[in-house]
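To keep things clear, I will list the structure first and then write my remarks on it.
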Amino acid sequence: MNNSKRLFLRAKKVIPSGINSPVRFYDPYPFFVKKANGNTIWDMDGKHYLDFCNGYGALLLGHRRKEILSAVSSQLNKGTLYCAPTDLEVELSELITSNYPFMEKTRLVNTGGEATMTAIRLARGFTKKKKIIKFEGCYHGAHDYVLVKAGSGAAHHGISVSDGGLEEVSKNTLVVQYNNSQELDSVLEKQKDVAGVIVEPVLANMGLVLPQKNFLSEIRKITKDHDALLIFDEVVTGFRMSPGGAQQYFSIKPDVVTLGKALGNGFVIAAVGGRKDIMNQLTPEGKVYQASTYAGNPVSVAAAISSIKTINKYKNKLYPKLEIFCTILARALQDLANDMKIPHQVNAISSMFQIFFTNTPVTDYVSSKRADVRKFKKLFNALLKNGIFIAPSQFETVFLSDAHTLDDLDKTIEAYGKSLKTVKN
Ligand SMILES: Cc1ncc(COP(=O)(O)O)c(C=O)c1O
């Protein structure tokens with residue numbers, strides 16, 4: 001029995017399902033990690049993989065990036081948690097505002113889920129309205145406001161996707177089709193009690209789904225016309241698509257923004273920010289409650305400052321490199337699948353891509369669900385055998401990092417070539 005299997009059997013006895021976040025499980029058991037560095041992750045059985053999961057997008061700069069490790073280790077010598085304000089927090093919020101001008105004020109939190117929960121509560125507190133709208137297939141964290149799927153009928157009332165989720169909560173979350181601004185407009189015409197609309201500007205939680213031309217500018221206009229706040233959930237896209245996230249990439253001005261993942265490049269930190277008048281509603285000056293013991297802890301803040309400074313320093317090389325690498329991989333993948341006559345779609349943008357085994361373009365939840373997940377599972381398992389680690393689910397995204405090299409591209413294309421053969425059979 002190998003070490004991962006032995007550990008998984010032990011884990012199952014003391015950890016529900018043996019893992020600490022459901023997406024980490026795959027059949028028959030996940031590999032257990034020994035260490036990671038740069039572009040590579042090692043398992044407990046001596047195998048190593050090129051990492052394209054990259055902390056589900058968090059590791060934009062790769063594992064153990066030297067600038068970040070050095071900032072964190074010097075902070076470790078000064079203490080890890082004060083629960084009193086620091087100059088570091090001020091510096092980080094100033095940096096965020098300079099990269100994201102629409103985040104005039106920022107509250108630091110720990111996770112993306114906390115950031116979206118706070119953004120939604122803020123929208124309700126600010127507008128004094130009750131309902132929120134999300135788009136089908138977008139993921140905004142594991143809390144009740146957003147853990148809903150589309151209900152039946154024209155009302156689009158959300159239904160909780162989880163046992164224990166209350167209908168009293170989920171019915172206040174309305175669900176609209178992604179890339180369908182007309183539907184958003186007509187729901188907002190009927191529903192006068194909508195505080196805000198939350199969206200992943202590029203949808204990275206249904207595989208990868210791109211916003212169609214004008215979708216984001218249209219929803220910006222529609223939300224403004226109906227006095228609902230536009231919340232850009234940039235937990236994935238923030239820093240990944242550009243130093244100023246998707247809002248800079250697509251030139252859209254949201255009211256409230258959430259950041260996470262690449263903000264800390266592997267350290268636990270997230271942020272919610274936006275217009276001053278909205279952010280001023282937070283306690284103690286305002287009446288919208290939000291709090292956390294570890295919020296703004298100096299270790300994570302030091303990591304985030306270093307991440308942003310590193311990104312800003314190398315941005316002219318970093319983003320073109322990631323975009324070119326991503327285009328090369330996505331095109332090669334298409335060519336391979338075409339040569340093997342495997343029906344497929346490849347969606348790609350910036351430093352993210354995904355393949356779907358389906359004949360029809362993937363533009364929303366329904367078209368994404370048409371993909372043959374059994375084929376994806378075969379691809380995932382074969383990629384692992386060939387030394388490539390991507391997220392185990394069809395409904396996740398492949399993420400590049402700055403640690404990837406030209407040489408890695410050749411290895412990855414070769415591995416996809418071998419692995420796609422198993423899909424064909
Ligand atoms: C777009 C988006 N928002 C929010 C979250 C939640 O972030 P966290 O897992 O840090 O709570 C995620 C996590 O994957 C995400 O992809």
Side-chain angles (χ1 to χ4, degrees), residues 19-25 52-60 100 103 107-123 132-148 161-162 173 175 178 196-211 216 230-241 245-247 249-250 252 254 256-274 290 292 294-295 297 300 303-304 307 347 349-354 365 368 390-399:
I19 33 82
N20 275 312
S21 195
V23 287
R24 293 178 201 168
F25 175 75
F52 285 92
C53 177
N54 271 313
Y56 289 84
L59 296 155
L60 178 71
Y100 295 77
M103 297 175 80
R107 236 334 133 79
L108 299 176
V109 294
N110 304 291
T111 64
E114 256 181 279
T116 60
M117 184 177 71
T118 306
I120 289 166
R121 192 177 295 148
L122 259 174
I132 59 148
I133 294 180
K134 78 178 281 280
F135 292 92
E136 197 174 18
C138 284
Y139 177 72
H140 305 289
H143 58 86
D144 287 356
Y145 296 166
V146 285
L147 216 52
V148 298
V161 298
S162 168
T173 302
V175 183
Y178 192 73
V197 174
I198 185 164
V199 66
E200 280 186 79
V202 171
L203 212 174
N205 284 289
M206 223 160 53
L208 184 72
V209 178
L210 310 192
L216 295 173
L230 178 62
I231 304 167
F232 255 31
D233 180 356
E234 295 233 39
V235 166
V236 168
T237 53
F239 299 103
R240 181 159 278 284
M241 297 196 68
Q247 57 205 268
Y249 194 98
F250 296 110
I252 305 288
V256 179
V257 179
T258 56
L259 299 173
K261 301 208 187 227
L263 172 64
N265 201 82
F267 285 82
V268 181
I269 188 162
V272 52
Q290 175 277 330
S292 163
Y294 278 92
N297 76 78
S300 294
S307 294
N347 286 351
I349 192 167
S350 178
S351 54
M352 306 175 271
F353 71 90
Q354 186 55 289
Y365 179 80
S368 149
I390 62 171
S393 163
Q394 166 73 87
F395 304 108
E396 299 288 345
T397 289
V398 181
F399 292 104

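Residue numbers run from 1 in the order of the sequence given. Whatever order the structure lists ligands and atoms in, that order sets their numbers, starting from 1.
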(request) Would you mind listing which atoms of ligand 1 come within a distance below 4.0 Å of any non-hydrogen atom of Thr111? (result) 10 (O), 11 (O)
(request) Give the C-alpha distance, both sets of side-chain angles, the deciding distance and a yes or no for side chain to side chain contact (heavy atoms under 4.5 Å, CB included) between Gln354 and Phe395. (result) CA-CA 9 Å; Gln354 186 55 289; Phe395 304 108; over 6 Å; no
(message) Suppose we measure from atom 3 (N) of ligand 1 to each protein heavy atom; which comes out shortest, and what is that distance?
(response) Asp233 OD2, 2.6 Å
(message) We want to know whether Thr237 and Glu234 form a side-chain donor-acceptor pair, criterion being a heavy-atom distance below 3.5 angstrom.
(response) yes
(message) Aromatic contact between Phe52 and Phe353, with the criterion being ring centroids under 6.0 Å apart: yes or no?
(response) no
(request) Write down the atom of Tyr56, the atom of Pro392, and the distance for their closest heavy-atom approach. (result) OH-CD, 3.4 Å
(message) Please classify the Tyr56 to ligand 1 contact at 4.0 Å (heavy-atom distances, strictly less than): side chain, backbone, both or neither.
(response) neither
(request) Flag yes if more than 12 heavy atoms outside Tyr294 fall under 6.0 Å of its OH atom; otherwise flag no. (result) no
(request) State whether the shortest distance between N or O atoms of Gly113 and N or O atoms of ligand 1 falls below 3.5 angstrom. (result) yes
(message) With a heavy-atom distance limit of 4.0 Å, tell me whether Asn205 approaches ligand 1 through its side chain, its backbone, both, or neither.
(response) side chain
(request) Examine the side chains of Arg121 and Gln290 and answer whether a donor and an acceptor come within less than 3.5 Å of each other. (result) no
(message) Nearest 0.5 Å, please: how far is OG in Ser292 from CG in Asn110?
(response) 4.0 Å
(request) Just jot down the ligand 1 atoms closer than 4.0 angstrom to any heavy atom of Gly112, in number order. (result) 6 (C), 7 (O), 8 (P), 10 (O), 11 (O)
(request) With heavy atoms under 4.0 Å as the rule, classify the contact between Lys261 and ligand 1 as side chain, backbone, both or neither. (result) side chain
(request) Check whether any protein heavy atom sits under 4.0 Å from atom 16 (O) of ligand 1. (result) yes
Which donor-acceptor pairs under 3.5 Å do the side chains of residues 197-206 make with protein atoms, sequence neighbours left out?
from: Glu200; atom 1: OE1; to: Ala204; atom 2: N; distance (Å): 3.1
from: Glu200; atom 1: OE1; to: Asn205; atom 2: ND2; distance (Å): 3.0
from: Glu200; atom 1: OE2; to: Tyr139; atom 2: N; distance (Å): 3.0
from: Glu200; atom 1: OE2; to: Asn205; atom 2: ND2; distance (Å): 3.2

(request) Considering only non-hydrogen protein atoms, determine which one is nearest to atom 2 (C) of ligand 1 and report residue, atom name and distance to 0.1 Å. (result) Tyr139 O, 3.2 Å
(message) If we set the cut-off at 4.0 Å for heavy atoms, which region of Glu200 has an atom near ligand 1: side chain, backbone, both, or neither?
(response) side chain
(request) May I ask you to check whether Glu114 has an N/O atom sitting below 3.5 Å from an N/O atom of ligand 1? (result) no
(request) Give the numbers and elements of all ligand 1 atoms closer than 4.0 Å to a heavy atom of Gly141. (result) 4 (C), 5 (C), 6 (C)
